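All values derive from a computational prediction rather than experimental measurement. In this chain, numbering begins with 1 at the start of the sequence shown. Every number for a ligand or one of its atoms is a count from 1 in the order of the listing.
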Amino acid sequence: MQKLIIDGKKILSGSINISGSKNSALPILAATILNNHTTIKNIPFVNDILTMLNLLRFIGLKYKISKKKNLVEVINSNTNINTVAPYKLVKTMRAGILVLGPLLAKYRRAKVSLPGGCAIGTRPVDLHLFALKKLGAKIKIKNGYIFASAINGLRGTRFKFPTISVGATENTILAAVQAKGVTIIDNCAVEPEIKDLINFLKKLGVNIKIKGRQITIKKIIKEKKISHKIICDRIELGTYLICGALTAKKLKLKNVDSDLVKKEIKTLKKMGVKLNVNKNFIEVFKSINIKKINIKTEPYPGFPSDLQAQIMILMTQAKGLSKIKENIFENRFMHVPELKRMGAKIEIRNNIAYISGPCYLNGAEVMATDLRASVSLVLAALIADKRTKINRIYHLDRGYQDLEKKLIKCNARIKRI
Ligand code: EPZ
C-alpha cells in the first residue's frame with residue numbers, strides 16, 4: 001500500500017486550481033443513465049469517479065475520458081442494458097447506490113448491492129428505500145441486494161423526509177423525473193451539489209423547482225445531446241483554505257465560486273484567518289493568532305461534516321479550548337487518535353471533540369481511515385516538526401485530485417512511496 005512522507009514546517013506560497021466537485025459529479029454521472037448523449041466538464045478524475053464510470057460501463061453505457069480537457073462523454077444507446085450494480089463496485093464506492101433511482105425510472109427494475117457501512121458510520125439507506133416506495137416501487141432486500149421494480153412505472157406523490165439526507169434526496173429526484181404526474185418532496189437536503197444536479201436535469205427539460213427544503217418535479221424528460229460543467233469542489237476549497245491559514249505566506253485558490261463557502265469563510269474569519277475573498281478566487285494567509293471557536297456540523301447551509309476533520313487541525317493552533325459537535329455521522333472522529341499521537345490535545349465526550357491549543361505537533365507514523373480524516377493528517381503533517389509518514393493513502397485518492405502535486409507546486413515537501 002502507498003504512503004505519503006511529509007516534512008513539516010515549510011512555508012507554502014503560490015496558487016492552486018480547485019477541481020470540480022466529486023459529490024456533484026457522482027449523482028450527475030448516475031443521471032446520465034436517463035439520457036442518450038451527455039458531456040460532463042470540469043470533472044475531477046479521482047478514484048470514486050473512475051469507480052462510478054466502471055459501474056456505468058457494467059450497466060451498459062459507454063464513456064470516453066479526455067483528461068486534457070477535464071471532461072467525460074457518456075453515451076447510453078439503450079442496448080444490452082444490465083440493470084445491476086454489483087457488490088464489488090458498490091462496496092468500494094457507496095455512492096453507487098445512486099444508480100438505483102435512474103435505473104428504476106428508466107427501466108422499471110434494478111438490482112443494486114446494499115452499500116454497507118464505512119469507517120465513519122453504518123451509512124444505512126432506509127431513507128432511499130422509504131422514498132422510492134412512496135413513488136410506487138416494490139422493494140425487496142435479499143442476499144445483500146436491493147431488488148426494486150415498478151412494472152407500471154413510478155407515480156408522482158407528495159411526502160416528507162423524516163430526516164435530511166443528501167443521497168436519499170438525489171436518488172429520489174433521479175427516480176421522480178420519470179414518475180407520472182407531479183412529485184413534491186419536503187425536508188430535502190439542499191447542498192450545492194443537489195442544486196447542480198437540478199440544473200443538469202433542467203437541461204433535459206425536466207420541470208423541477210426548489211423552494212426552501214421543498215422540491216417539486218413534473219414528469220417531462222427529453223433525451224438529447226447536452227453538456228454540463230460541474231461546480232467547484234467546495235470541500236476541496238475549504239480544505240486548502242484551512243491549509244493556507246496553517247502554512248502559507250499567501251495561497252491563491254483559483255477556479256472557485258466563493259458563494260459556495262459562505263459559512264466556511266465566516267467561520268475562518270471568526271477564527272482570525274486573513275482572507276481576500278473574490279467571486280472566482282480566494283487568497284488566504286497564514287494567521288498568527290488563531291482564535292478558539294465552537295462549531296457544530298449541520299446539513300447545508302450549516303458547517304459541513306466533510307470539513308470537520310480539517311478545521312480541527314486549525315483548532316489545535318488556536319489559543320484556548322475549541323469544540324466540535326459532529327451531528328451528521330456517528331463515528332467521524334477516527335482522525336483524533338492519530339492526531340493525539342502527533343501531540344494534539346483532544347478529548348472526546350458524547351460526540352463532542354474538545355481541542356486545546358495552541359499545541360506543538362510533532363511528526364509521527366500515522367494511518368488514514370477515511371477520506372477527510374486522511375487529508376486532516378496531511379494538514380497536521382504540514383505544520384508538525386520533522387517527518388510524518390501517512391499509511392493507507394488510498395483513502396485520499398478517492399476524493400482529492402493531484403493533492404501532493406498541488407501542494408509541492410506551493411513548496412510543500414511531500415513524497416509518495
Ligand atoms: C453525502 O453522503 C456525501 N457523499 C458525504 O460526503 C457527506 O458527508 C454527506 O452527504 C453529508 O453531507 C456524497 O455526496 C457522495 P447523508 P450521504 O445521506 O448522502 C443518515 C465525502 O467525504 N442516513 O446526507 O451518504 C446517515 O447515516 C462524503 O465526500 C440514514 O439514516 O449522506 C448520516 O448519519 C463522506 N438513512 C446522515 O443521514 C439513509 O437512508 C446524513 O447522511 C441515508 C442517510
Heavy-atom contacts under 4.0 Å between Arg398 and ligand 1: side chain, backbone, both, or neither? neither
Is it the case that over 12 heavy atoms from other parts of the model lie below 6.0 angstrom from the NZ atom of Lys229? no
Heavy atoms of other groups near Lys106 NZ, more than 12 under 6.0 Å: yes
Counting N and O atoms only, with roles assigned by atom type, does the side chain of Glu73 sit under 3.5 Å from a partner on the main chain of Ile40, one being a donor and the other an acceptor? no
Provide, to 0.1 Å, the distance between atom 24 (O) of ligand 1 and the closest protein heavy atom, together with that atom's residue and name. Val166 N, 2.8 Å
Please check if the side chain of Ser322 supplies one atom and the backbone of Ile293 the other of a donor-acceptor pair under 3.5 Å. yes
Lys291 side chain to Lys270 backbone, donor-acceptor under 3.5 Å: no
Counting only N and O atoms by type, is there a donor-acceptor contact under 3.5 Å from the side chain of Ser258 to the main-chain atoms of Lys279? yes
What I want to know is whether Glu191 and ligand 1 share at least one N or O pair that is separated by under 3.5 angstrom. no
shortest atom 32 (O) of ligand 1-to-protein heavy-atom contact is with Phe329 CZ, 4.0 Å
Is at least one protein non-hydrogen atom found at under 4.0 angstrom from atom 20 (C) of ligand 1? no
Would you say that more than 12 heavy atoms from the other residues, nucleotides or ligands in this model lie under 6.0 Å from the CZ of Arg123, or not? yes
protein heavy-atom neighbour closest to atom 3 (C) of ligand 1 works out as Asn23 ND2, 3.7 Å
What do you reckon, does Gly167 have a nitrogen or oxygen under 3.5 Å from a nitrogen or oxygen of ligand 1? yes
Counting each atom of ligand 1 from 1 as listed, which ones have a heavy atom of His128 under 4.0 Å away? 40 (O)
How about Arg413: does its CZ atom have over 12 heavy atoms from other parts shown lying under 6.0 Å from it? no
Residue, atom and distance of the protein heavy atom nearest atom 38 (O) of ligand 1 read Ile164 O, 4.2 Å
Heavy-atom gap Glu193 to ligand 1 smaller than 4.0 Å: no
Which of the numbered atoms in ligand 1 are under 4.0 angstrom from any heavy atom belonging to Lys22? 21 (C), 29 (O)
Around Lys138, counting heavy atoms of other residues, nucleotides and ligands shown, do more than 12 lie under 6.0 Å from its NZ? no
Give yes or no for whether the N/O distance cutoff of 3.5 Å, strictly under, is met between Pro124 and ligand 1. yes
With no hydrogens and no angle check, is any side-chain donor or acceptor of Lys180 less than 3.5 Å from a backbone partner on Asn152? yes
Heavy-atom nearest neighbour in the protein, as seen from atom 36 (N) of ligand 1, with distance rounded to 0.1 Å: Asp126 OD1, 2.7 Å
Using a 6.0 Å cut-off, check whether atom NZ of Lys325 has over 12 heavy atoms from anything other than its own residue. yes
Protein heavy atom at shortest distance from atom 6 (O) of ligand 1: Asp306 OD2, 2.9 Å
Close side-chain approach of Ile313 and Ser376, heavy atoms under 4.5 Å: yes
Check whether any N or O atom of Glu170, backbone or side chain, sits under 3.5 Å from an N or O atom of ligand 1, and answer yes or no. no
If you have a sec, work out which protein heavy atom is nearest atom 18 (O) of ligand 1 and how many Å separate them, to one decimal? Ser165 OG, 2.7 Å
Residue, atom name and distance, where the atom is the protein heavy atom closest to atom 22 (O) of ligand 1: Arg372 NE, 2.9 Å
When you measure from atom 33 (C) of ligand 1 to each heavy atom in Ile328, Leu127, Ile235, Asp370, which option holds the nearest one? Ile328
Backbone or side chain, does any N or O of Arg123 fall under 3.5 Å from an N or O of ligand 1? yes
Val125 touching ligand 1 at heavy-atom level, < 4.0 angstrom: yes
Run the numbers for me: atoms of ligand 1, each under 4.0 Å from some heavy atom of Arg94, listed by number. 25 (O)
Report yes or no: does Arg332 have a heavy atom closer than 4.0 Å to ligand 1? yes
Just wondering, are more than 12 heavy atoms of other shown residues or ligands nearer than 6.0 Å to NZ in Lys160? no
